[in-house]
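Let me begin by presenting the structure, written as structure tokens, before commenting on it.
Just so you know, these numbers come straight off a predicted model, no measurement behind them.
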Amino acid sequence: MSDTQKGFPLPSSIKVIPGTEEAQAAYPYYTQFEPEDDEKFWFYNSMHFPEPMHHFDMITAEAAYVAMGAMNTRMHVLPTAKGVDHRIINGRVYIGGVVVTDPDEIAERTAEFQQRAFWYYEHWDDLYDQWKDKMKTLIADAQALPSPSLPDYEPLETFKEGDAVPASHDLLKIYQQQVEGYHRMWHHHFEFLLLGYGAYMTFFDFCKNAFPEISDQAISRMVAGMEAEIFRPDEEVKRLARRAVELGLDHHFTDDMNIDDVLAELDAVGNSGKEWLGELETSRNPWFNVSSGDGFYHYHRSWNDDLSLPFAALPGYIEKIKAGENVERPTEQLIAEREALVADYRELLDTEEDKATYDQLITLAHRVFPYVEGHKFYCEHWYTNLFFNKIREFGRLLVAHGFFGPDGVEEDVFHLTQYELESAIVDLMLAWGVGTKPRGVKHWPALVAERKAAIAEWDKHPTPPALGNVPDAIDDPAINMLWGITRENLDSWLDDGAENEKELKGFAACSGVVEGTARVVRSVSEIGRIQQGDILVCQVTNPTWSPIFQKIGAAVSDIGGSMSHMAIVAREYGLPAVVGTGKATTRIKDGQRIRVDGGKGTVTILDDEPVLEDA
């Protein structure tokens with residue numbers, strides 16, 4: 001690559017924000033950038049980590065990349081892609097793919113991959129049923145872990161039962177079981193995922209070769225209309241809205257309601273109120289075990305922990321239901337369009353051999369696709385929320401023993417790395433056993449305060465979407481389709497408005513042209529600012545934001561490809577969307593009028609241009 005080729009800043013040029021050096025150094029050594037990393041291309045994984053990472057929360061990246069790497073490189077043996085390296089700077093997670101380019105190694109890996117992948121594809125349905133059982137067992141095991149505690153004295157029964165192992169040992173055992181379970185969850189997560197994407201990518205490549213003019217969006221619509229568990233929470237909110245109308249309780253649900261007051265009112269109004277509350281409990285377990293985010297931050301609490309997001313959607317759904325509007329996901333329409341597209345393109349094939357291959361590939365894509373979205377409910381959401389809540393139990397224990405100072409709270413535990421938390425637990429075990437005060441009482445309060453300040457400071461500073469020189473080609477299909485990282489897109493990001501300062505380009509996720517007010521949302525905490533008819537502009541969204549889709553006219557994201565979660569969800573809800581624009585959240589100002597063309601993949605900043613009559 002020539003020295004004059006345009007590129008992003010080198011990793012070595014990104015400096016730690018002054019005053020946060022110690023907080024940066026506290027991340028594990030193997031996540032820190034080093035000089036050799038300047039030779040590699042990295043991109044900011046804002047799809048999964050759009051906000052600065054608390055030190056404990058980095059386990060969500062580490063465990064994921066451990067599992068992904070092992071599954072790609074050693075288990076399924078993907079021919080041209082291994083795992084991803086990850087680094088963190090100023091709380092931001094950057095990743096870089098590890099590709100295979102040697103023809104001999106590719107041939108060797110291809111032979112291994114075919115044996116393994118074909119066996120999975122052949123037994124997919126049975127294996128997927130087993131997978132769900134494994135995940136439910138893993139969840140039940142985590143739920144069964146006892147809360148950590150330390151008695152003043154061991155109960156006499158401990159001796160009488162012949163089990164002379166004190167409670168302090170259980171602290172270490174419980175914590176290590178939690179961490180092991182979390183890592184195991186990520187191995188389950190990737191057991192099917194890349195194979196699911198691989199089946200779709202094979203069909204995608206076939207279509208691109210057979211039909212040179214076909215759009216990415218047309219291919220993706222051939223797998224739309226699938227049922228997956230991750231859509232169920234929103235469907236439950238709609239069900240609760242219908243029941244509120246049927247039971248004559250709709251007047252209790254308003255935009256400015258106090259949820260606790262509403263629950264108390266419903267409990268007091270008689271049988272109808274109690275019936276609705278019973279319906280709520282049916283929905284909550286298990287379907288409200290979803291995060292308000294994408295499952296990578298401890299403070300993105302589950303709907304069960306914080307009912308704000310689902311309850312905020314109820315007034316809108318109730319209003320639409322009373323007006324006779326259909327609030328359901330347009331699944332039947334999507335299926336009809338899907339079947340028509342599949343049939344129409346099949347007719348364009350010349351040979352029976354090509355038609356047979358086409359039939360086989362689309363059938364496989366339909367078989368595997370429900371997992372591509374469905375797994376998130378069990379993994380990133382249900383299990384991860386449970387895991388974070390179990391860690392909070394250790395936070396409460398450490399607070400009780402003074403680890404975080406007189407004003408400490410259980411959430412302070414997330415400012416420790418996973419390794420520091422284990423050392424704090426051992427410190428407490430020692431002090432309890434020896435009969436002294438733990439040394440963490442003096443050690444941790446200042447460090448926690450320092451790291452809180454660092455997170456707040458890092459959040460004020462933007463970070464480059466990528467680092468290093470742009471490679472001649474981005475050959476990893478998963479990076480193309482999931483993150484939207486292509487050579488063309490990177491060139492567009494580097495353009496930074498020089499070609500057309502009022503236009504951004506990205507992937508055409510779902511067709512439709514909409515004009516409206518841009519609402520720039522940079523974190524889950526800002527969702528409440530969205531007004532009816534706004535166009536959501538964000539780094540990334542996820543399926544659990546579905547209840548707000550009834551409010552917005554379109555969506556735009558910084559990151560994401562044609563098969564990213566946001567693109568999939570947009571198609572399932574018929575929401576015009578453009579993903580992978582690179583810098584929408586920095587180029588577009590909150591409140592500006594913009595035009596989104598989900599068919600062309602463009603976003604235009606209108607300023608004073610006239611508004612469409614039918615926008």
For [X], enumerate each residue passing the side-chain contact (heavy atoms from CB on, under 4.5 Å) test, keeping only those at least two apart in sequence or located in another chain.
{"X": "S220", "answer": "Y200, Q217, M563, R571"}
{"X": "S291", "answer": "H300, H381, N385"}
{"X": "D305", "answer": "R301, S302, N389"}
{"X": "E526", "answer": "V521, R522, S523, R529"}

How would you list, by chain and number, every residue that makes a side-chain hydrogen bond (donor to acceptor under 3.5 Å, both in side chains) with [X], sequence neighbours excluded?
{"X": "D234", "answer": "K238, Y317, Y573"}
{"X": "K132", "answer": "E229"}
{"X": "S423", "answer": "none"}
{"X": "T486", "answer": "none"}

Sequence neighbours excluded, which residues qualify as ring pair (Phe, Tyr, Trp, His ring centres under 6.0 Å) partners of [X]?
{"X": "H86", "value": "Y65"}
{"X": "F377", "value": "W287, W382"}
{"X": "F311", "value": "none"}

*Which atom names give the shortest non-hydrogen contact between K551 and I530, and what distance separates them?*
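Smallest heavy-atom distance, with atoms named: NZ-O, 3.6 Å.
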
*Are side-chain N/O atoms of Y299 and E51 paired as donor and acceptor at under 3.5 Å?*
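On atom types as modelled, these side chains qualify, holding a pair under 3.5 Å.
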
Using modelled atom types only, decide if a donor and an acceptor are shared between the side chain of [X] and the backbone of [Y] within a distance under 3.5 Å.
{"X": "D306", "Y": "S308", "answer": "yes"}
{"X": "E572", "Y": "G225", "answer": "yes"}
{"X": "H54", "Y": "D412", "answer": "no"}

Please check if the distance between the ring centroids of [X] and [Y] is under 6.0 Å.
{"X": "W124", "Y": "F192", "result": "yes"}
{"X": "W186", "Y": "H189", "result": "yes"}
{"X": "F8", "Y": "F43", "result": "no"}
{"X": "Y120", "Y": "H76", "result": "yes"}

*Would you say Y175 and I391 make side-chain contact, with heavy atoms under 4.5 Å?*
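The answer is yes, as the side chains (C-beta and beyond) meet within the 4.5 Å cut-off.
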
*Picking from I485, T585, V579, N45, what satisfies side-chain contact (heavy atoms from CB on, under 4.5 Å) with I559?*
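So the option named by the test is I485.
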
*Checking side-chain contact (heavy atoms from CB on, under 4.5 Å) against E180, which of R184, H183, Q177, Q176 comes through?*
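The side-chain contact (heavy atoms from CB on, under 4.5 Å) with E180 is passed solely by R184 among R184, H183, Q177, Q176.
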
_Side-chain ion pair, K583 and D558, N-O less than 4.0 Å_ =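 Between D558 and K583 there is no salt bridge, as every charged N stays at least 4.0 Å from the carboxylate O atoms.
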
*Pick out which of Y128, Y121, F190, Y197 makes a ring pair (Phe, Tyr, Trp, His ring centres under 6.0 Å) with Y371.*
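Result for ring pair (Phe, Tyr, Trp, His ring centres under 6.0 Å) with Y371: Y128.
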
_salt bridge (charged side-chain N to carboxylate O under 4.0 Å, His left out) contacts in which one or both residues fall within residues 191-202, not counting sequence neighbours_ =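 Every pair satisfying salt bridge (charged side-chain N to carboxylate O under 4.0 Å, His left out) with a residue in residues 191-202: K134-E191.
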
